[in-house]
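Take a look at the structure below.
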Amino acid sequence: MIIDLRSDTVTKPSKEMLDAMMSAQVGDDVFREDPTVNELEERLARMFGKQKALFFPSGSMANQIAIKLHTNPGKEVICDKYAHIYNYEVGGVAFHSGATCKLIDGDRGMFTAAQVEEAINPSEYYYSQSSLVEVENTTNKGGGACWDFKEIEAIKQVCKTNNLGFHLDGARLWNAMVAKNESALQYGNTFDTISVCLSKGLGCPVGSVLIGDEEIMKQSLSLRKLFGGNMRQVGYLAAAGLFALDHNINRLADDHKKAKEIGALLSTLSIIKKVEPIETNIVIFELNDSVNEAQFLNNLKEKHIHIIGMGSHKLRMVTHLDYTDQMHDKLLTELNSI
Ligand SMILES: Cc1ncc(COP(=O)(O)O)c(C=O)c1O
């Protein structure tokens, strides 16, 4: 039995999801004639109370196009120092949009409205003009942390006052909504654009969706084409997304429970220095200085347990749809015997 906790992206579609994909009605989406893609986009737009949604092959492309929609070359994006758009999207903010990032020194990937106000550049001609605030919920590098919605609302006010766009990287927004009992509508009411991933906790093989009102989304279709992201009979993948929306959201609570149990056990082990707070499906921990990290990872690998390093001596485990009760029992037993 292989226990793969490197990411929630390692899941494979279930038989039921594959059945839904196989029976999808499809058409050429470049002509906007794929009924299943249209259904998925309409459903997500409705769910978030927005006018438009567009299907993307990846979360990175959805985020990068959102940034392009909100900025012009030379402008500035305000985000956390842990932000996925800054750390793990190949410098795309600079490459695709010619924009820069002003990094906020937040807490587990989250920051305050006061920090945003402080980060906004003055209006003198020699400053880069602040154009967009980007929030990630849950935070990946921040260990699956969930934002306090009141802080998000306070940041929205700062954006309004200062005429800044407000984008949400909601790759794992489903996890936040389940953990905090929040609704898609409250996020739709607050952000200008939202990217959500179907290929993480929801267990789809591929797919992300960018959601926003007509006005901001006007160029989204031509930008997706420009980025090489147009797809044809992609309803097979949209069908996986529709299946996931019906079946795989509420069950995320189980992933969160397992992550908390792993964290609770890790914090009792003498080789562990620190386990970061666990709110959703991501467990980030540090080993004691005396423990060799490579050796630790290798020992786990020999037991067919795969996890990853995040740099700065942090290790990460992510629970997911394919991480079964049996695997969980085995993992806890193995960790206990370290
Ligand atoms: C927070 C966050 N945003 C965006 C992405 C990008 O998604 P993709 O891998 O589909 O490009 C990821 C991927 O792990 C992520 O964790």
Side-chain angles (χ1 to χ4, degrees), residues 4-13 40 44 53-68 77 79-93 95-97 101 103-104 106 108-111 132-147 152 167-179 187 191 193-211 223-224 227-229 231 234 237-238 240-241 244 252 255 259 276 279-284 307-311 314 316-321:
D4 192 346
L5 293 171
R6 289 171 302 159
S7 174
D8 48 9
T9 55
V10 300
T11 56
K12 296 184 181 141
L40 176 71
L44 280 165
L54 193 62
F55 192 42
F56 280 90
S58 73
S60 299
M61 192 187 280
N63 279 335
Q64 291 299 322
I65 287 182
I67 291 161
K68 184 102 184 116
V77 178
C79 63
D80 191 86
K81 66 179 187 298
Y82 278 4
H84 195 279
I85 57 158
Y86 175 72
N87 289 284
Y88 304 121
E89 297 185 12
V90 209
V93 177
F95 189 87
H96 300 298
S97 297
C101 288
L103 300 181
I104 294 181
R108 293 189 298 143
M110 302 176 292
F111 45 83
L132 173 67
V133 176
E134 191 262 3
V135 154
E136 187 176 307
N137 199 15
T138 67
T139 63
N140 177 346
K141 202 171 157 68
C146 302
W147 283 71
I152 288 179
H167 173 66
L168 172 63
D169 176 352
R172 294 185 180 79
L173 183 61
W174 314 109
N175 296 83
M177 292 196 302
V178 167
Y187 282 93
F191 286 91
T193 48
I194 299 172
S195 63
V196 292
C197 286
L198 302 163
S199 56
K200 309 220 156 52
L202 297 198
C204 295
V206 178
S208 294
V209 178
L210 182 64
I211 305 153
L223 284 173
R224 189 182 67 175
F227 278 52
M231 300 177 282
V234 74
L237 296 176
L252 290 169
D255 297 345
E276 295 195 358
E279 295 183 64
T280 54
N281 65 330
I282 302 180
V283 181
I284 290 185
I307 71 172
I308 57 168
M310 299 283 286
K314 292 184 180 186
R316 187 183 83 169
M317 298 186 191
V318 189
T319 57
H320 52 74
L321 187 54

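In listed order, ligands and their atoms are each counted from 1. Nothing here was measured: the structure is a model prediction, and the numbers come from that model.
- Under 4.0 angstrom from ligand 1, there are no non-hydrogen atoms of T9.
- Inter-residue side-chain proximity for P205 and L237 is flagged as met; some heavy-atom pair is nearer than 4.5 Å.
- When side chains are defined from C-beta on, L202 does not count as touching L321, because their heavy atoms never get closer than 4.5 Å.
- For ligand 1, the atoms lying closer than 4.0 Å to a non-hydrogen atom of A171 are 1 (C), 2 (C), 3 (N), 4 (C), 15 (C).
- Results of the side chain to side chain contact (heavy atoms under 4.5 Å, CB included) test with S97 over V77, I65, L132, I67 single out I67 as the only residue that passes.
- No option in H96, K68, E89 other than E89 meets the side chain to side chain contact (heavy atoms under 4.5 Å, CB included) test with N63.
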Show the numbers, then the answer: is there a side chain to side chain contact (heavy atoms under 4.5 Å, CB included) between K141 and D80? CA-CA 10 Å; K141 202 171 157 68; D80 191 86; over 6 Å; no
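- Remark: the Y88 side chain and the N140 side chain contain no N/O donor-acceptor pair separated by less than 3.5 Å.
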Stepwise side chain to side chain contact (heavy atoms under 4.5 Å, CB included) check, T139 with Y82: CA-CA 8 Å; T139 63; Y82 278 4; 6.0 Å; no
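- Each of the following atoms of ligand 1 lies closer than 4.0 Å to a heavy atom of S58: 10 (O), 11 (O).
- Contact annotation: for M61 versus ligand 1, there are no heavy atoms closer than 4.0 Å.
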Please evaluate residues R316 and S7 with respect to the criterion side chain to side chain contact (heavy atoms under 4.5 Å, CB included), reporting the C-alpha separation (whole Å), side-chain torsions for both, the decisive distance (0.1 Å), and the verdict. CA-CA 8 Å; R316 187 183 83 169; S7 174; 3.7 Å; yes
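- Closest to atom 3 (N) of ligand 1, if we only count protein heavy atoms, is D169 OD2, 2.6 Å.
- For ligand 1, the atoms closer than 4.0 angstrom to any heavy atom of E89 are 4 (C).
- Interface atoms of ligand 1 facing N63, defined by a heavy-atom separation under 4.0 Å, are 3 (N), 4 (C).
- In terms of protein heavy-atom proximity, atom 15 (C) of ligand 1 is closest to H84 CD2, 3.2 Å.
- No option in L173, I211, D169 other than D169 meets the side chain to side chain contact (heavy atoms under 4.5 Å, CB included) test with S195.
- Of the N or O atoms in S208, none lie within a sub-3.5 Å distance of an N or O in ligand 1.
- Backbone and side-chain nitrogen or oxygen atoms of T138 are examined, and none is located within less than 3.5 angstrom of a nitrogen or oxygen of ligand 1.
- For N140, a nitrogen or oxygen atom sits less than 3.5 Å from a nitrogen or oxygen atom of ligand 1, counting backbone and side chain alike.
- Counting heavy atoms only, K200 comes closest to atom 13 (C) of ligand 1 of the residues K200, E136, K141.
- Residue-to-ligand polar distances place G59 within reach of ligand 1: an N/O pair is separated by less than 3.5 Å.
- Inclusion of S60 in the set of residues having an N or O under 3.5 Å from an N or O of ligand 1 is warranted.
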